[in-house]
Engineer: 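Attaching a single structure in structure tokens format; questions to follow.
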There are 2 protein chains.
Amino acid sequence: MDRKQQILDAAERLVRARGFDGFSYGDLEAEIGIRKASIHHHFPSKAELGLALTARYRGQVVGKLGAVAARRTRAADRLAEYLDLYREALAGGEQVCLCVALSAGRDSLNPDTLAELDAFNAASLDWLTATFKLARSDGSIKGVEEPGLEAAAALALVEGAQLIARAAGDVLKFDLATAQLKARIRLV
Amino acid sequence: MDRKQQILDAAERLVRARGFDGFSYGDLEAEIGIRKASIHHHFPSKAELGLALTARYRGQVVGKLGAVAARRTRAADRLAEYLDLYREALAGGEQVCLCVALSAGRDSLNPDTLAELDAFNAASLDWLTATFKLARSDGSIKGVEEPGLEAAAALALVEGAQLIARAAGDVLKFDLATAQLKARIRLV
DNA sequence: GTCTATAGATTGATAGAC
DNA sequence: GTCTATCAATCTATAGAC
């Protein structure tokens, strides 16, 4: 089946490594092993491919975050897993998450895809805000006062940490940038 | 006069709005009003243009940060001006700083340009580290413990805040993401 | 320094056979 | 669904006249 999923997998890798303007149907042809024309059969235009990519990504991440919240009852543990998700998305410094990759090249996206990107950021903020609210009651993260501001700062921090790690091609830069936030997590 | 500077000005605007892969010599032709071939006379290849752009940018920012340090003796005032510089670089949500624009599309850059980007990040980190060291002695920023970690976190925070503001096309997202850091600044 | 003209490659996309 | 063939547009870059 899933030529469509296979194409989306390859496209996602390419976008996250090179940006939306940095990959082509020709690249997909080389990666997947079928002709450009065949790829157009599944995704008639690059804009539709971009939209499908973004929508799928949002669904996946929302699912993962939901699973983390279901599995972890302490805010500190949720935040630690959140940071790990972003760290792993770096693939050692070779990629960034799709959200970071698309945000910079915003002008290349059509309105539908931009709306998906907005929805992704909103979902992330909601999840983080809920996490910091929980932290205020369970006390598992130090010094939380305004959950909404904590969430906005945490989202910017992880996205910026990804960008810096990607620029250097070194995942350790991500660890350095997030060390201070991580240090606020109370063990046990 | 300086065609070269004029070309760099236009190229910088375009890169910051669309990314390095998102602009062409054709765009420059339209913006400046001379032919593509004439632009190649000043910058034979796009790679050389990118390098000149990055080198000039680093020099400008280093100069600005030096001027801030010369003008402001309190760490808090220096940090406030630093945040303002990044906020202004957003141009209302239409652009990001050159560093953010280039980091995402890292694969399109040649080694020289990547080295400039590294040097830019290193200079930013140095300046921020010195600022947080000063804060630890003058007490103008609340709760500073490790200047190096504060610097790494602050750099990631402003870059991520730019990215989020750019994605939404709304400079207020930058303010939201940086509000918590700003709240640590002691007045007077 | 700027121009016209052009090269060769790549881009996203389509037509139509199998 | 995949292919060959092809399109028009755009890309970076060069040659050579003025």
Side-chain angles (χ1 to χ4, degrees), chain A residues 1-56 98 101-102 104-114 116, chain B residues 1-56 101-102 104-114:
Chain A
M1 51 185 191
D2 307 36
R3 263 287 128 85
K4 256 183 155 138
Q5 297 302 317
Q6 189 186 7
I7 293 168
L8 287 173
D9 288 344
E12 184 178 319
R13 238 176 304 125
L14 286 165
V15 172
R16 287 172 52 180
R18 305 187 201 163
F20 195 73
D21 288 332
F23 89 102
S24 69
Y25 275 65
D27 295 324
L28 291 174
E29 168 174 317
E31 282 242 346
I32 299 172
I34 63 174
R35 294 299 199 171
K36 287 190 295 180
S38 309
I39 300 169
H40 275 286
H41 170 77
H42 298 284
F43 298 99
S45 73
K46 198 178 177 185
E48 289 170 82
L49 175 55
L51 177 59
L53 208 51
T54 315
R56 185 180 76 150
L98 192 68
L102 293 179
R106 185 205 140 101
D107 277 9
S108 311
L109 310 177
N110 69 6
D112 288 345
T113 309
L114 273 179
E116 273 296 331
Chain B
M1 47 162 204
D2 292 309
R3 262 288 130 83
K4 257 185 153 135
Q5 296 303 316
Q6 188 186 7
I7 293 168
L8 287 173
D9 288 344
E12 183 177 321
R13 237 178 304 126
L14 287 165
V15 172
R16 289 172 51 181
R18 304 187 202 164
F20 194 72
D21 287 333
F23 90 101
S24 69
Y25 275 65
D27 295 325
L28 291 173
E29 169 174 318
E31 281 242 346
I32 298 171
I34 63 174
R35 293 299 197 169
K36 287 189 291 180
S38 309
I39 300 169
H40 275 286
H41 170 77
H42 297 283
F43 297 99
S45 73
K46 198 179 178 184
E48 291 171 80
L49 175 56
L51 177 59
L53 207 52
T54 315
R56 185 180 78 150
L102 293 180
R106 184 206 141 100
D107 276 9
S108 312
L109 309 178
N110 68 6
D112 289 345
T113 308
L114 272 179

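As the structure is a computational prediction, the values presented were derived from the model and not from experiment.
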Engineer: Tell me every residue that passes side-chain contact (heavy atoms from CB on, under 4.5 Å) with Ala101(B), counting only those two or more places apart in sequence or in another chain.
Structural biologist: Val15(B), Val96(B)
Engineer: Walk along nucleotides 8-13 of chain D from 5' to 3' and tag each nucleotide B, S or - by protein heavy-atom contact under 4.0 Å, base first, then sugar-phosphate.
Structural biologist: ---SBB
Engineer: Output yes when at least one side-chain N/O atom of Arg3(B) is less than 4.0 Å from OP1 or OP2 of dT2(C), else no.
Structural biologist: yes
Engineer: Under a 4.0 Å N-O cut-off, is there an ion pair linking Asp9(B) with Arg56(B)?
Structural biologist: yes
Engineer: How many Å lie between CD1 on Ile7(A) and C1' on dG12(C), as a whole number?
Structural biologist: 15 Å
Engineer: Could I get the full list of side-chain contact (heavy atoms from CB on, under 4.5 Å) partners for Ala52(B), not counting sequence neighbours?
Structural biologist: Leu8(B), Phe43(B)
Engineer: May I have the distance from Arg35(B) (atom CZ) to dG1(C) (atom C1'), rounded to whole angstrom?
Structural biologist: 15 Å
Engineer: Distance check needed: dG1(D) P versus Glu29(A) CD, whole Å only.
Structural biologist: 18 Å
Engineer: What residues, two or more places apart in sequence or in another chain, satisfy side-chain contact (heavy atoms from CB on, under 4.5 Å) together with Ser24(A)?
Structural biologist: Asp27(A)
Engineer: Specify the separation, in whole Å, of atom CD of Gln6(A) and atom P of dG1(D).
Structural biologist: 13 Å
Engineer: Can you list every pair that meets side-chain hydrogen bond (donor to acceptor under 3.5 Å, both in side chains) and has a residue in residues 104-114 of chain B, with sequence neighbours left out?
Structural biologist: Arg166(A)-Asp107(B), Asp21(B)-Ser108(B), Asn110(B)-Thr113(B)
Engineer: Less than 4.0 angstrom between a side-chain N/O of His41(A) and OP1 or OP2 of dT2(D), yes or no?
Structural biologist: no
Engineer: Nearest to the side chain of His42(A), which nucleotide is it out of dT4(D), dC3(C), dG1(D)?
Structural biologist: dG1(D)
Engineer: Indicate every side-chain donor-acceptor pair of residues 34-42 of chain A with a distance under 3.5 Å to a residue at least two apart or in another chain.
Structural biologist:
residue	atom	partner	partner atom	Å
Arg35(A)	NH1	Glu29(A)	OE2	2.9
His40(A)	ND1	Pro44(A)	O	2.8

